[in-house]
Amino acid sequence: MKKRKMRLKTKLIIIISIAAAIALAALFFNNATAVILSVSSARLKAMNTLAVDEAVWEALQSGAEYGDFMTVSYGDDGNVSSMTANSAAINSVARRAASLAQTKLTQMSGGGISIPLGAFTGIEALSGFGAGINIKIIPVIWVECSFVSRFTQAGINQTIHSIYIEVVTDITIVLAARTERVLAASEILVCESLINGEIPQIYLQGGLLGSGSLVPAD
């Protein structure tokens, strides 16, 4: 009888030990996944900034002049009568910048993400300590580029028209247990010009460069 109780007690200890080990393993796995996603998000955002800067620079490496993207016409009174966007040039640069940014970001993230061992403790003070563990991640990357137009009053009947390229990156980090979506937006000045003469409100209110003339924002 005593031996039987001992066997039951031993079995109970083993079951409890296994359950505790499984619970600890699950806790560590969840914490590790959260750490990997957090560090990966931060690293990918940094990579994205570098990739976008390089992509836009390469897309505009031949130089970008205001006249390449906009045509400004004046009336007999010296004021602006029309402003027309060169949609072919705008679309060409936007497509090239988006393609280059996506390629560069994919290449940069291809080597994985190095995470210090201390980060897995969950203690912020130790997050930068320990040898780096290389974690292979699968980023699904989507990049969209568009041009943004802004007007700034510079004086009496003088307006600075600035043209920016806006790059929006949507990255989905795919891990075995979870996925994480990272959104990043960058805006880079392409060119600007000082326009003399009064500009009609229809252009001043326009925010985006689309096909043809600028139109008021909705």
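Atoms considered below: every heavy atom in the structure, side chains included; atoms not considered: hydrogens, waters and symmetry mates. Note that the numbering runs from 1 along the sequence shown for the chain.
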Visitor: Distance-only, no hydrogens or angles: does the S81 side chain make a donor-acceptor pair with backbone N or O of S73 under 3.5 Å?
Guide: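 Yes.
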Visitor: For L50, does its backbone N or O pair with a side-chain atom of D53 as donor and acceptor, under 3.5 Å?
Guide: no
Visitor: Among residues at least two apart in sequence or on other chains, which ones pass side chain to side chain contact (heavy atoms under 4.5 Å, CB included) with Q158?
Guide: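 If we apply the side chain to side chain contact (heavy atoms under 4.5 Å, CB included) test to Q158, skipping adjacent residues, the hits are A154, L194, N196.
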Visitor: How about R181 and I171: do any of their side-chain heavy atoms sit closer than 4.5 Å?
Guide: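 In short, these two side chains do not touch, never coming nearer than 4.5 Å.
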Visitor: Could you tell me which non-hydrogen atom of I163 sits nearest to which non-hydrogen atom of L189, and how far apart they are?
Guide: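 That closest heavy-atom pairing would be O-CD1, 3.6 Å.
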Visitor: Identify the two heavy atoms, one from K45 and one from L183, that lie closest to each other, and give their separation to 0.1 Å.
Guide: CE-O, 4.2 Å
Visitor: Taking N157 for its side chain and G197 for its backbone only, find out whether a donor-acceptor pair lies under 3.5 Å.
Guide: no
Visitor: Look up atom CG in L60 and atom CD1 in I165, then write down how far apart they are to the nearest 0.5 Å.
Guide: 6.0 Å
Visitor: Hey, mind stepping through T169 and W142 against side chain to side chain contact (heavy atoms under 4.5 Å, CB included) and telling me if it holds?
Guide: CA-CA 6 Å; T169 308; W142 175 82; over 6 Å; no
Visitor: Enter the distance from L105:CG to E54:CD here, rounded to the nearest 0.5 Å.
Guide: 11.0 Å
Visitor: Side chains of T84 and M70: does their closest heavy-atom pair fall under 4.5 Å?
Guide: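 No, their side chains stay 4.5 Å or more apart.
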Visitor: Any heavy-atom pair between the side chains of V168 and V143 that's under 4.5 Å?
Guide: no
Visitor: Does any non-hydrogen side-chain atom of N86 lie less than 4.5 Å from one of D68?
Guide: no
Visitor: What about Y74 and F151, same hydrophobic cluster or not, with Ile/Leu/Val/Met/Phe/Trp/Tyr joined at side-chain heavy-atom distances under 4.5 Å?
Guide: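 Same hydrophobic cluster.
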Visitor: Has T71 got a side-chain atom pairing as donor or acceptor with G67's backbone, closer than 3.5 angstrom?
Guide: no
Visitor: Side chains of W57 and V52: closer than 4.5 Å at any heavy-atom pair?
Guide: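 The answer is no; the side chains never approach within 4.5 Å.
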Visitor: Assess the pair Y164 and F147: is the distance between their ring centroids shorter than 6.0 Å?
Guide: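 No, ring centres 6.0 Å or more apart.
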Visitor: Distance check, rounded to the nearest 0.5 Å: S186 atom OG versus N48 atom CG?
Guide: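 These two atoms lie 5.5 Å from each other.
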Visitor: Minimum heavy-atom separation for M83 and V80, please, with both atom names.
Guide: CG-CG1, 3.7 Å
Visitor: Would you call E192 and R150 a salt bridge, using N to O less than 4.0 angstrom?
Guide: no
Visitor: Enter the distance from E166:CD to C145:SG here, rounded to the nearest 0.5 Å.
Guide: 9.5 Å
Visitor: Let me check something: any side-chain donor-acceptor pairs from residues 93-100 under 3.5 Å, sequence neighbours excluded? List them with distances.
Guide:
none

Visitor: Can you name the nearest heavy-atom pair linking C191 to Y66, along with the distance?
Guide: SG-CA, 3.7 Å
Visitor: With sequence neighbours left out, write down each residue that passes side chain to side chain contact (heavy atoms under 4.5 Å, CB included) with S109, or none if nothing qualifies.
Guide: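 Testing S109 for side chain to side chain contact (heavy atoms under 4.5 Å, CB included), a comparison that skips the adjacent residues, returns L44, M47, P139, I141.
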